[in-house]
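Down below is the structure, laid out as structure tokens.
Whatever order the structure lists them in is the order used to number ligands and atoms, beginning at 1. What you see is a predicted model, and the numbers here were worked out from it, not measured in a lab.
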Amino acid sequence: MRNVVILAGGSGTRLWPMSRDDRPKQVLPLAAGQSLLRVAYNRLLGLVDPENIYVCTVGAITDVVRKELPELGPHNIIGEPARRDTANAVGLASAVVARNDPDAIVAFVGSDHLISPEDEFQKAIEQGFEVVEARGRSLVTFGIEPTHPHTGLGYIERGAPIEGTSAYVVDRFREKPDRATAEEYLATGRFWWNSGMFVWQASTVLNVLDTLLPESAARLREVAAVWDTPEREATLAEIYPNLRKISVDYAVMEPASQGKVDADVVVVPMPVHWLDVGSWAALADTYDADANGNRTDSVTLSCLLDSHDNIIVTDDPNHLVATVGLRSHIIVHTQDVTMVCPLSDGERVKDLVARVQSDH
Ligand code: GDD
Ligand code: MG
């Protein structure tokens, strides 16, 4: 049976102070008034039966997800008690989905993307399902045509085409390379960005985790074994927070592309406009710019004198942000925090959040 799991447990720290631990970016109305999670859910309709759409998320966000997607059945929310990154989220969701269907095929999609057109997205995921159905032990990724040497994404080097499909064998998967390496990759013309979406048999990824992250694999199976019993919460609480925190890209995709497991890695091209809403600069790409290149969202009230190329956001339509002579800065104002940073330091908002959390 085909299933889709939306991964929605990230913290979105680079969009602080709008994005918070208990209200992270995926549940904020950042997509023309809708949440990224709602948009991610709606784009799956018609691709798989809603009964087979799951959301995997963490802690306090679980209640927000329930409110945001009231049509999700209680069995379709997979809640982790702590954030242990995507290798464990993928392992847990795979074990949970496979407990009633050992042959389950699962697509994983992110909750922080804007994608258009949606039918190209659906066609590519459909192709991913078909590739797994035909080939069995394949780990399918989806490639996006890169536009610049972004260092916050994974890179996929395509190898030989796979006959009868739009897919290619993957020669290399490299997560978040440094800038020089990303530039080298782009120059070859053989690399795609990793979209952060995957399709595989649940059993394949669990076997792969047995080899690559054996501690997690064993413990996640223990959790899945009691999933339908009253022991679920206690077992999760005991096991989950102690799992090694690591993403599926580092734990699974990089080593699998180096032939270290009994599965091959495949890439299906996804010819779409795709945006990982990962930072203020990325989100501001969706805003209109004024004649001086300043970008603001539709709520923000601003008065910008002799100011150029700034990103200004507030969550209060009655709060005026006024600047004079300001260039290339990000200002984000919320009820309790005002954040100001040069555009060139936008990726460092993550470090700022860590400092704020340790100091306050
Ligand atoms: N359930 C759960 N639990 N979900 C999580 C967790 C977790 O602990 N951590 C992150 N997520 C969710 C996020 O909400 C997001 O939808 C997705 O998993 C990916 O996590 P990010 O933290 O946003 O990853 P990234 O953007 O740095 O990198 C990944 O996505 C890129 C494309 O957007 C990688 O797969 C890159 O290779 C890829 O290019
Ligand atoms: Mg992301």
**OP:** Enumerate the protein residues lying less than 4.0 Å from ligand 1, judged by heavy-atom distances, in chain and residue-number order.
**Re:** Leu7, Ala8, Gly9, Gly10, Gln26, Cys56, Thr57, Val58, Glu80, Arg83, Arg84, Asp85, Thr86, Ala89, Gly110, Ser111, Asp112, His113, Leu153, Gly154, Glu175, Lys176, Asn194, Ser195, Gly196, Asp249, Trp274, Asp276

**OP:** Have a look at the Mg ion (ligand 2) and estimate, to 10 degrees, the angle subtended by OD1 (Asp276) and OD2 (Asp112).
**Re:** 90°

**OP:** Just say parallel, tilted or perpendicular for the rings of His148 and Trp193, cut-offs at 30° and 60°.
**Re:**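 Answer is perpendicular, since the angle exceeds 60°.
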
**OP:** Would you confirm whether Asn88, through its side chain, and Arg244, through its main-chain N or O, come within 3.5 Å as a donor-acceptor pair?
**Re:**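 Here the side-chain-to-backbone pair exists.
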
Subject >> Residue pairs fulfilling side-chain hydrogen bond (donor to acceptor under 3.5 Å, both in side chains) with at least one residue in residues 71-80, sequence neighbours excluded >> reply: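 For residues 71-80: Arg38-Glu71, Glu80-Tyr240.
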
Subject >> Distance under 6.0 Å and angle within 45° of ring axis: Arg174 vs Tyr185 >> reply: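 Because its charged atom misses either the 6.0 Å distance or the 45° angle limit, Arg174 does not stack over Tyr185.
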
Subject >> All side chain to side chain donor-acceptor pair (under 3.5 Å) counterparts of Glu120, not counting sequence neighbours >> reply: Lys123

Original post:
For Asp290, what residues pass the side chain to side chain donor-acceptor pair (under 3.5 Å) criterion, not counting sequence neighbours?
Top reply: Asn294

